[in-house]
Structure formats: structure tokens, C-alpha cells
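In what follows, chains carry the letters A, B, and so on, assigned in the order in which the sequence lines appear, proteins first and then strands, with residues in each chain numbered from 1. Values in this document were obtained by computation on a predicted structure and should not be read as measured data.
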Amino acid sequence: MYWTQTFIPTLKETPSDAEIVSHQLLLRAGLVRKLTGGLYTFLPMGLRALRKIEQIIRQEMNRAGGIEVLMPALQPSEIWKQSGRYETAADVLYKIRDRARKEWVLGPTHEEVITTLAANELNSYRQFPRNFYQIQTKFRDEIRPRFGLMRAKEFIMKDAYSFDTSDEGAMASYRRMYDAYTRIFFRCGLKAFPVEADTGVIGGNHSHEFMVPAETGENEVVYCESGGYAANIEKATSRGPSPSTPTDGTGDSPEKFPTPGVVSIEALAAAPHSVPAHAQIKTLVYILDSKPALILMRGDDQLNSAKLLAKTGAIQARPATVDEIVATLGAHPGSLGGAHNVPHDVSVYADEVLRGARGMTTGANVDGFHLHNVEMDRDIRVSHWADFRMVRAGEQCVETGEALKIRRAIEVGHVFKLGTKYSEKLNSTFLAEDGSRQTTVMGCYGIGLTRTLQAVIEQCKDKDGICWPLSVAPHQVCLTPLNVAPESQPRQVAEKLLMELTAAGIDVILDDRDERPGVKFKDSELVGFPLRVNVGEKSLAKGEVELKPRTGPTQPVKIDDAAAQIIGFVRSGMAALA
RNA sequence: CGGGACGUAGCUCAGCCCGGUAGAGCGCUUGGUUUGGGGCCAAGACGUCGCAGGUUCAAAUCCUGUCGUCCCGACCA
């Protein structure tokens, strides 16, 4: 491959609409160009890197027993109505109509399609287990596309779906995918690690996300240094907050006292009231599937909205408006509480941390008043207890007791054990060995290819540009003759190396541009080829060429040894990523 | 959808407050020079100042609306 025969529009300056480094590098290195917000064209170098990731995924999926298929991106809205996600996933669904006014959806994922296939084709226990996968473009009406490929309206995903006849079988399938994912990200040169995850709208009961640590990531991961525990903050739990919740109340009845103008936990914690936040009960009003509900949290805790959805089973949850709050409790935010004047048809959810709490202070549901001496068990009608709180750094790990840490990360893969959620709705059943009809047990497993590509850049870069791992680099080697005239010695030596390396199966590009050395050096570093070979008169005079690994020092090698050295560099580097 | 910022040459940006001739650097074209880290000299091409309306003798500049982009929140691979 010759540089002048492809298209690598590098940029010296940083485009102003790219905020994070990996996005800037995607643009500057000429890997992609934006069509419009959330939609990108892949240029040759970006496409090559993407294809390499795709091949790694394909190889590992096949090795793990996956069967490649390709499903339609355009789907009838009926199957979405049948699964119930026409409503629950409504905000990400692109809907379109054909000339007959029939409605279609552009698939944001393919559970409905694959389950329909399984329902029609997998009818006997003899046909299981099965794991179908595809690499395909997904469409999501993202509320806010951002960070280049990280969150786009259209993106490429590998999605796999397993079908088993039993829960144990499904667990084994899950485990196989989990292991395959570990290998895939390792081979891509990515430091990714699995964390326990919330299942969100996809549903199911067991899930891990594969996370790439990065300051620019959109997720927060709670983890324990010893490696015993790691979870998405949406799911994370701990041994609880410190200090612990008071349980030594006086036993006196709730006592109303005036708190004019005190409408926050902080204000009540300050003088003159001086009620510590952990001795307060925070009362939140949420609208769960259009019904108001109270959420009681300890004063110093934050509500975890993912847990709220998961624990209440609500499809939609939003904070109530001030008007809705007044209509429900008769008081304004800042004076709310669960002890008095709570209508009987309003559910009261309380965080586990409040169990057995005594001597607490909370709003009186009368503007300007709070209550002392509140005891959860005695004074508040709790309909449901659950863990609703956001874990904080420093709390003790549930497994090891060590202090938990929190860091940001990019989610590149997600594995779910789905159970029978989709197979029931879409009638995927089979005849068991004993002649009974049973429902298939499913799992689904996604990897965002385009996001993975950008995550690699986010993790593998320096001040000069991208530092591709050999396994996903658009080209492994960049031959750089410093004189490109056809008869010049640098050009001839470079051409000979090109032939030898290509014959050895090395993926090489020759920078045949008639540019000054500085320009070629800068560009090759920006695009990030793992190895550059400088072929210039200066070193040729000594019978040498130079090997310049992207992340290491320049090494002179004899011309006759060059090909073998380069091949050795590539093969050993690739072996380290196998 | 809520909050904030910004739309001027292919890119990065100045000009806008205080209305009157549209600018710089990079890139591009041509010629020369240079040839191991985005070099230098000279000559050029490139703009309906996002769009629409308004105010005004006159609008990139002031006003209104609109579209688009980016950032912060809720959603996800």
C-alpha cells in the first residue's frame, strides 16, 4: 500500500468541535469525518482499524461456538410491540413509515428478530444450545450524541444471542461469552475489566459490563483494590455508610418544631438546629409510571435512580414537580416527610440504611416545620424496603471490607443473562426430551465496535498522536523513504523492503509522498503506525536503515538485516497480543 | 427536553462592545529555494459573515426568530 494511493487527510490543528483527545485524534489522524452530529464516515485508516477489531471479534466468537448471521436493520414494529419494548425503549427507537403508511423501526438491537427466528427454527431440545451473532449497524435516537464515536446515532455493534434449554445451560453460555470477551479486549490491546452491572431496559437478572478505565468515560465504576469486587455505580453496594444510622432514640413521640426558611439537609445540619445529616431522613417524591411515590433516604445519601427503577419495577421514573409534590403531601420541598399526612394510596419506599432508625429528624409535611424523635418502625408506614443509595468512595467493600474506590470508565461490552423475558413474549419454545413444551433460556452479549475503536485510541496515545497496538493498527509498519524519486537509493531500498515484508504477510504502508522528512515523521506519529522505518541517505551511507517503534527509541539496523528485524518486531508484538 | 457557549475562507481564529473598504495563521495553487522533525521567499485562488425577518442612509456588528454545532444533566455498546 502506498500513502499516495490511499486517503489520509491529517490535520495539523485540532477541530473545534472535538472535546476529548480520542475524538480529536480520530479527526486529526484522518480516520473519520463527521457528516453531522452522531454520524461519521470512516476513511481508509479508520476502516482498516475497525476491520481488524472486527476480525478479532469474529475469530473469538467463532472459537466460542458462535454462529454468524446477519439480521435486517429495518424491522416491523409489531415484534417490538410484542416484546413490550415498543413502549419501554420508545425514546431510542427510530420509527419510519413506508408509502403504505405502515410503520417500521430501525433496529437499536436485535433481541426481537433473533427470538422470532428461534421461535420458528429451534423446536427440539436436540437443536440446543445455540449462539447466533452478527456484526451490524445499530440505530439509536440518542438524546445527545457526543464524543465522536462514543455515543452516536448510528454505530456498529457485535451482538450475540444464546439459546439454551435450561438455566444451567444459559449460565454456561454466559460464561463462555464472558471468557471470549476477556480474550477479545486483550487481543485488541485494551485494558478492559468486567464489572457487575445493572440490566436497564434490556432486562434480565445477571449482567457484567466490560469497562475501559478512562477519565473521559461516561460510567462510574466502584471497585476494591484487591480485585475482589467491581461494579457499575448503578449497581454497586457496600457495607453501608459511615457513621452508621442512629438507633438509640429516646422513645419519645415525634415532636414538631419550627424551622422557618430551612429547606435543605445542609441548613438543618447547621446551627442553630445542628442535626447531623446522617440523623435526617430525606424525603423525595417521584412519579413512578405516573403514580406519585415517596422515596426515603438518609440525609447524607444520594438516590441511585438505576436502583430505583430496578427495585420498584417501574418503567419510568421522574422527580415530581413542585405542584405535584404540594398536591400529594400538602407541603413544599424542604419540609417533606413520611411520618405525617401521607395519603394511603401513596407507596413509601425506604432505603435499607434507615432500617431500625430512631431519633431521626425529617420534614413535618407542613411548610416551615420538621419533626424530631422520628422512629422508622413506629412512625412511618413503609411499603417497600430496598437498597436505593449511591455508594460513596471509602465505604467498605461487601466482600473484603476494604475501602472502595470509584473511577470513570468507558463501557465497551455488556453481557446479559436474559432468562425467558423475550422467549416468552415471542413464543420461543421447544419440545424437551420428556415431551414437554418448554421456554428457551436466553442470553445476549454486545460489543460496541466503533466505541471500542475509540476506546483504544483513548487508551493508546501520547502528545504526538495515536499509538496503535499492533493487532488493530491500520498498518503495522510505515516505510518512510526520505527521498521518493524513483531512482534514488532510499526509494529503491524502501521498495525492496515493501516487497519482502508484504511477502512475509506484514501489513505495510509506504509513505511515497514528496514531503519534507518532518512532515512525514509527524504524520506517521499522528496516525500512529506501531513501527516506522526511516530510509534516508544519511543512514544508508552507513549501510543502515532506522527502525523507529512508535513508543520506543530509534534503532539503526543493517540494510540486509532490516526485513528480518521488522518481521521479528511484528511477529513478537503480535504474539504478545495473542 | 432543561441549562450554558458558539456559528466569519478547507482548518484554527480575530473583527462585533462602539454599524460605514471582510482579516491573520495554517492549508491549497504557481514559481524559486531547501532537503533527517510540520523550513524559507515571492505571487495567487478561496467568503451569499449559518439562515430568515426587522431597525438603519448603511448590518459580520444592533433586535427578533430559526437552524446547526459543542459542553453540562437524564439514556446506552
Side-chain angles (χ1 to χ4, degrees), chain A residues 9-20 23-24 27-28 33-34 36-38 57 88-93 108-110 135-160 181 192 197-202 209-212 216-219 232 234 305-306 308-309 316-319 321 410-416 444-455 464-465 480-485 488 490 513-526 532 534-541 545-546 548 554:
Chain A
T10 58
L11 260 24
K12 200 184 280 191
E13 291 182 280
T14 305
S16 60
D17 59 356
E19 184 70 8
I20 66 174
H23 185 196
Q24 295 170 352
L27 264 8
R28 287 228 293 139
R33 281 296 182 263
K34 183 171 78 171
T36 180
I57 291 174
T88 58
D91 32 346
V92 299
L93 274 188
T109 172
H110 283 74
I135 292 171
Q136 224 246 27
T137 299
K138 308 292 188 186
F139 300 86
R140 290 192 191 168
D141 189 359
E142 286 291 342
I143 302 165
R144 176 148 91 94
R146 65 179 140 177
F147 299 151
L149 269 23
M150 287 294 188
R151 175 178 299 277
K153 292 178 192 292
E154 180 186 316
F155 61 96
I156 300 171
M157 176 166 141
K158 184 285 304 177
D159 48 323
Y181 275 34
D198 180 54
T199 51
V201 293
I202 294 194
E209 288 164 332
F210 284 77
M211 295 288 196
V212 174
T216 54
E218 297 186 80
N219 295 268
N232 191 309
E234 295 177 338
S305 51
L308 179 65
L309 286 174
Q316 288 194 319
R318 64 171 173 85
T321 63
I410 299 163
E411 180 189 354
V412 288
H414 201 157
V415 293
F416 294 87
C444 75
Y445 319 92
I447 293 179
L449 294 238
T450 39
R451 181 182 284 181
T452 298
L453 174 73
Q454 192 170 343
D464 295 312
T480 308
L482 270 18
N483 183 341
V484 295
S488 71
R513 293 176 301 166
D514 186 12
E515 287 286 356
R516 297 172 54 82
V519 173
K520 300 172 94 160
F521 292 161
K522 286 290 186 189
D523 270 350
S524 76
E525 282 155 18
L526 179 57
R532 185 178 66 225
N534 301 336
V535 187
E537 261 115 19
K538 210 176 266 185
S539 41
L540 287 178
V545 297
E546 290 168 352
K548 170 65 178 79
T554 304

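Within 4.0 Å of A:Ala455, counting heavy atoms only, lies no atom of the nucleic acid at all. Residue A:Leu482 is classed as a base contact, given a heavy-atom separation below 4.0 Å to a base. Nucleic acid contact for A:Asp91: none, since no nucleic acid atom lies under 4.0 Å from a heavy atom of the residue. Across all strands shown, A:Asn483 has no heavy atoms under 4.0 Å from either base or sugar-phosphate atoms. In this structure, A:Val412 reaches the sugar-phosphate backbone alone: every heavy-atom distance under 4.0 Å involves primed, P, OP1 or OP2 atoms, never a base. At the heavy-atom level, A:Gly413 lies under 4.0 Å from the strands shown only through sugar-phosphate atoms. At the heavy-atom level, A:Lys34 lies under 4.0 Å from the strands shown only through sugar-phosphate atoms. Nucleic acid contact for A:Asn534: base, since at least one base atom lies under 4.0 Å from a heavy atom of the residue. Residue A:Glu515 is classed as having no contact, given no heavy-atom separation below 4.0 Å to the nucleic acid. Using a 4.0 Å heavy-atom distance criterion, A:Asn219 is classed as a base contact. Across all strands, A:Thr452 comes closer than 4.0 Å to no nucleic acid atom at all (heavy-atom distances). Residue-level contact check: A:Arg532 touches the bases, meaning some heavy atom is under 4.0 Å from a base atom. Looking at heavy-atom distances under 4.0 Å, A:Glu209 makes no contact with the nucleic acid at all.
Base pairing of B:G31: its partner is B:C41, meeting the Watson-Crick or G-U wobble criterion (both donor-acceptor distances under 3.5 Å). Here B:C1 sits opposite B:G73 as a Watson-Crick or G-U wobble pair (both hydrogen-bonding atom distances under 3.5 Å). B:G53 and B:C63 make up a base pair, with Watson-Crick or G-U wobble contacts both under 3.5 Å. The partner of B:G25 is B:C11, by the rule that a Watson-Crick or G-U pair needs both atom distances under 3.5 Å. The partner of B:C16 is absent, by the rule that a Watson-Crick or G-U pair needs both atom distances under 3.5 Å. Base pairing annotation: B:C46 forms no Watson-Crick or G-U wobble pair, as no partner gives both donor-acceptor distances under 3.5 Å.
Separating the C1' atom of B:C57 from that of B:G15 is a span of 23 Å, rounded to the nearest Å. When the P atom is compared between B:G7 and B:A14, the two are found 7 Å apart, to the nearest whole Å. Atom name P, nucleotides B:U30 and B:U66: the rounded distance is 47 Å, in whole Å. To the nearest whole angstrom, the two C1' atoms, one in B:A52 and one in B:A59, are 14 Å apart. Rounded to the nearest Å, the gap between the C1' atom of B:C49 and that of B:G20 is 16 Å. B:G19 and B:C62 have their C1' atoms separated by 8 Å, with the value rounded to a whole Å. To the nearest whole angstrom, the two C1' atoms, one in B:A60 and one in B:G44, are 26 Å apart. Comparing B:G50 with B:C6, their C1' atoms sit 11 Å apart, to the nearest whole Å.
A 4.5 Å side-chain heavy-atom check between A:Lys158 and A:Thr452 finds every atom pair outside the cut-off. The shortest distance between side-chain heavy atoms of A:Glu411 and A:Asn232 does not fall below 4.5 Å.
The phosphate of B:U69 (OP1 or OP2) has no side-chain N or O of A:Arg146 nearer than 4.0 angstrom. Contact check, A:Lys12 against B:G27: a side-chain N or O comes under 4.0 Å of OP1 or OP2.
Between A:Phe210 atom CZ and B:A77 atom P there is a gap of 14 Å when expressed in whole angstrom units.
The base of B:C75 sits with one of its N or O atoms less than 3.5 Å from a complementary donor or acceptor on the side chain of A:Arg151.
Here A:Phe521 does not pack flat against the base of B:G38, since the 5.5 angstrom centre distance and 30 degree tilt limits are not both met.
No salt bridge links A:Glu19 with A:Arg146; every basic N to acidic carboxylate O contact stays at or beyond 4.0 Å.
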